[in-house]
Every structure is written in structure tokens, then in C-alpha cells.
Amino acid sequence: MKFARLGPVGAEVPVVITDDGVRDLSGLTTDLDAGFWETDGQARAAAALAAGELPVIEDAGSLRIGAPIARPGAIVCIGMNYAAHAAESGAAPPSAPVIFFKAPNTLAGPNDQVTIPRGSTKTDWEVELGVVIGKRTSYLDSPAESLEYVAGFVVANDLSERAFQIEQSGGQWSKGKIAAGFSPVGPWLVTPDQVEHQKLQLRSFVNGEPRQDSSTADQIFDVATVIHHLSQYMVLDPGDLIMTGTPEGVALSGRFPYLKPGDVVEVEIDGLGRQRQEYVAYEAGR
């Protein structure tokens, strides 16, 4: 199944996208949030769809596309999970997953305008496979269990300000990761039965020019390993988002300029959709 949220910021309507239209889920759930996933929301939505209980949204094409999940309790990120990206960052491939966090309020829609932070000179893009957790996950016995805990997969852009992240970091990366709107997600959440998540092409473009082009098959730590590893250190709740790392081809490599006002970034993953963001300068009060 393919889930999405449509409408103005803060008033998005949960929907399921089908071959014969976009169907309104608001009679079944108020949002695609923890409560939806932990009460077997996918199965309930499928049953309601089969019973003809979900009305079509006729003007869906005119509505803003929000992130396909409500604000998560946690956004957990994996750093340097592609060997070539580690190399372009000046680091050796890690021997264990590198973990950092983004603030939940960085979540944004896939096509929302992005404001370059005040004082930024090194805003950068990162196309990533995102994983949404479907049920409480803690101390899994092995990676073989991991996919039982996945609600679905999404496109994510792990935006980063490299001067804040590296030069002004104080030893951790978070300063460069937590600006408003720095986690565009969507357009859809696709359930695990619909996608071969370790065989997906990821691509990014800036002003129409290609930047990244790789495959999730190149991940150092695959999705199952990442979820199992995280579960040994934290509890993952329904609706939490994991960003699983980016491949080579970012501005940090030195091969491309950093983003400036007027630039347009597009990121896509096969089967999961495409994002498009216009970047604008910071203005006080906006």
C-alpha cells in the first residue's frame, strides 16, 4: 500500500493512494501517527478499502503534499553508511553504525520550500532511504527479526549545514542537522511488501544536474542490521523515522558548490517517489 498526507501544514489529511484514485483515511484515523501504526493501521486501511468505505478525494492533485508521517518521536540517522561517501568525507568506512539524531520539528513535506539557515555558507543535500517503524522495537535477537517492525519506506533528504556540522560542531554533528525544514520526507510511504528495499536506486539533482546516483545495495549496514543495532541501545516507537545514510555525490566532496538561494534540489528513489525543493535566503520573521 501507498500512504500519504495531503493539505496545509498542520492540517494534513491521511490518505491511501490507489490505482483508481486517492482515498480519504480520515474516517479511519486522524493521522498517520504512532496510534495508527501500533493498532495495525495498514490492515484496517486495506479492509476499509476492500469494503468500499474510503471516499475518493476529487481535488487531491491540487493539494499540498505533506510528509507521509506525522511528527515522529525520533528521527535517527546513520552516518557514512556508503563506503564512497565515507571516502569523500575524508573518513574510513565505519566498523559499526554511526548514529546521530535530528529534531522531530525538522520534518517537512517533500516539495516544501527550504530556508537556508542564517549565516549558512555550506548547506548540502543528501538523498536517503528512510525507514518508518511500525511497532515498538527493543533488544531484537537478530537482524532476521528487523523487517517485522517496519511500517514502510520513504524518500528522505537529510539536509546538512557542513560548517555547523564540522567546523562549529564541538565534536558532534547535530548543529548542522537540526535547522527548520532540514528533513523533507515523502511523497509517499510504501509498505514493505511493495518494494525491494535493498535494490533501490537513489538519485539527486541540483538545478537539473545529476549529483548522486547509487543503490541501497551499496549500504555498508543494511536496513535489517541497522534496526537490530539500534534496538540494542534505544527503544524505537511506532512512527519513528530512521534515515539510513547517503551515497557519494554531495557538496562536502568538494566536487560541487554548496546550495544558494534560488537553487532547486530534486531527490528520488525508485518506487518511492521524487521530491523537489526550492531554496531561499533566511529572512527575519519568516
Side-chain angles (χ1 to χ4, degrees), residues 4-10 12 63-69 71 75 77 79 85 88-89 100-130 154-169 173-188 202-214 241 243 245-269 272-286:
R5 296 165 70 247
L6 305 178
V9 176
E12 293 92 345
L63 299 177
R64 167 186 170 270
I65 303 173
I69 56 172
R71 182 182 292 190
I75 300 177
C77 305
H85 175 59
E88 72 178 356
S89 304
F100 62 94
F101 290 83
K102 303 189 82 166
N105 65 5
T106 62
L107 188 74
N111 304 321
D112 290 351
Q113 192 176 73
V114 176
T115 297
I116 295 174
R118 184 175 68 177
S120 168
T121 58
K122 295 183 178 181
T123 293
D124 205 349
W125 61 89
E126 291 190 3
V127 61
E128 304 199 9
L129 175 67
V154 296
V155 181
N157 189 357
D158 175 18
L159 292 168
S160 309
E161 211 298 334
R162 304 301 189 184
F164 300 171
Q165 177 188 348
I166 299 168
E167 299 163 28
Q168 303 171 31
S169 69
W173 292 351
S174 293
K175 287 179 184 176
K177 297 286 187 174
I178 54 177
F182 259 32
S183 299
V185 173
W188 321 300
L202 310 87
R203 305 176 191 87
S204 65
F205 307 83
V206 178
N207 300 325
E209 298 179 357
R211 293 293 186 260
Q212 295 170 282
D213 188 353
S214 189
L241 173 64
M243 295 186 180
T246 198
E248 67 173 325
V250 298
L252 179 63
S253 68
R255 293 186 287 140
F256 308 110
Y258 287 102
L259 297 173
K260 62 184 185 304
D263 284 343
V264 173
V265 173
E266 295 168 282
V267 301
E268 66 181 14
I269 300 178
L272 301 183
R274 186 180 181 99
Q275 304 182 357
R276 182 184 187 277
Q277 300 110 31
E278 178 185 353
Y279 289 72
V280 299
Y282 170 82
E283 293 181 11
R286 183 169 63 190

Where the side chain of [X] meets the backbone of [Y], is there a donor-acceptor pair that is under 3.5 Å apart?
{"X": "E88", "Y": "G249", "answer": "yes"}
{"X": "D124", "Y": "A251", "answer": "yes"}
{"X": "N157", "Y": "E126", "answer": "yes"}
{"X": "S253", "Y": "R255", "answer": "yes"}
{"X": "K102", "Y": "L159", "answer": "yes"}
{"X": "K175", "Y": "Q168", "answer": "yes"}

Closest approach of [X] and [Y], non-hydrogen atoms and distance?
{"X": "R162", "Y": "V250", "answer": "NH2-CG2, 3.8 Å"}
{"X": "A179", "Y": "P117", "answer": "CB-CG, 3.6 Å"}
{"X": "T123", "Y": "F182", "answer": "CG2-CZ, 4.1 Å"}
{"X": "A108", "Y": "A67", "answer": "O-CB, 3.6 Å"}
{"X": "G7", "Y": "E12", "answer": "O-CG, 3.8 Å"}
{"X": "P110", "Y": "P187", "answer": "CG-CA, 3.7 Å"}

For the [atom1] atom of [X] and the [atom2] atom of [Y], what is their distance to the nearest 0.5 Å?
{"X": "L241", "Y": "L107", "atom1": "CG", "atom2": "CG", "result": "7.5 Å"}
{"X": "K177", "Y": "D158", "atom1": "NZ", "atom2": "CG", "result": "3.5 Å"}
{"X": "L129", "Y": "L202", "atom1": "CG", "atom2": "CG", "result": "6.5 Å"}
{"X": "T121", "Y": "F164", "atom1": "OG1", "atom2": "CZ", "result": "7.5 Å"}
{"X": "W188", "Y": "I65", "atom1": "CH2", "atom2": "CD1", "result": "8.5 Å"}
{"X": "H85", "Y": "E248", "atom1": "NE2", "atom2": "CD", "result": "10.0 Å"}

TODO: Assess the side chains of N111 and Q277: does a donor N or O sit below 3.5 Å from an acceptor N or O?
DONE: no

TODO: Verify the distance criterion only: is there a donor paired with an acceptor across the side chains of S204 and Q212 at less than 3.5 Å?
DONE: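 Present: a donor and an acceptor within the cut-off.
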
- [ ] Have a look at L259 and tell me which of V206, N207, V264, V114 forms a side chain to side chain contact (heavy atoms under 4.5 Å, CB included) with it.
- [x] V206

TODO: Let me know which of R203, R276, R274, R211 forms a side chain to side chain donor-acceptor pair (under 3.5 Å) with E266.
DONE: R274

Task: Any V267 side-chain heavy atom under 4.5 Å of V155 side chain - done: yes

TODO: Taking the side chain as every heavy atom from C-beta outward, state whether T115 and Y279 have any atom pair closer than 4.5 Å.
DONE: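 They are not in contact (no side-chain heavy atoms under 4.5 Å apart), so the answer is no.
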
TODO: With sequence neighbours left out, write down each residue that passes side chain to side chain contact (heavy atoms under 4.5 Å, CB included) with P210, or none if nothing qualifies.
DONE: F205

Open item on the list: For E161, is there an ion pair with K122 - N to carboxylate O distance below 4.0 angstrom?
Closed with: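 E161 and K122: not salt-bridged.
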
TODO: Would you list the pairs meeting salt bridge (Lys or Arg N to Asp or Glu O under 4.0 Å) in which at least one residue belongs to residues 107-119, sequence neighbours left out?
DONE: R64-D112

- [ ] Over 60° means perpendicular and under 30° means parallel, so classify the ring planes of F256 and W125, tilted if in between.
- [x]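 W125 and F256: tilted rings.
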
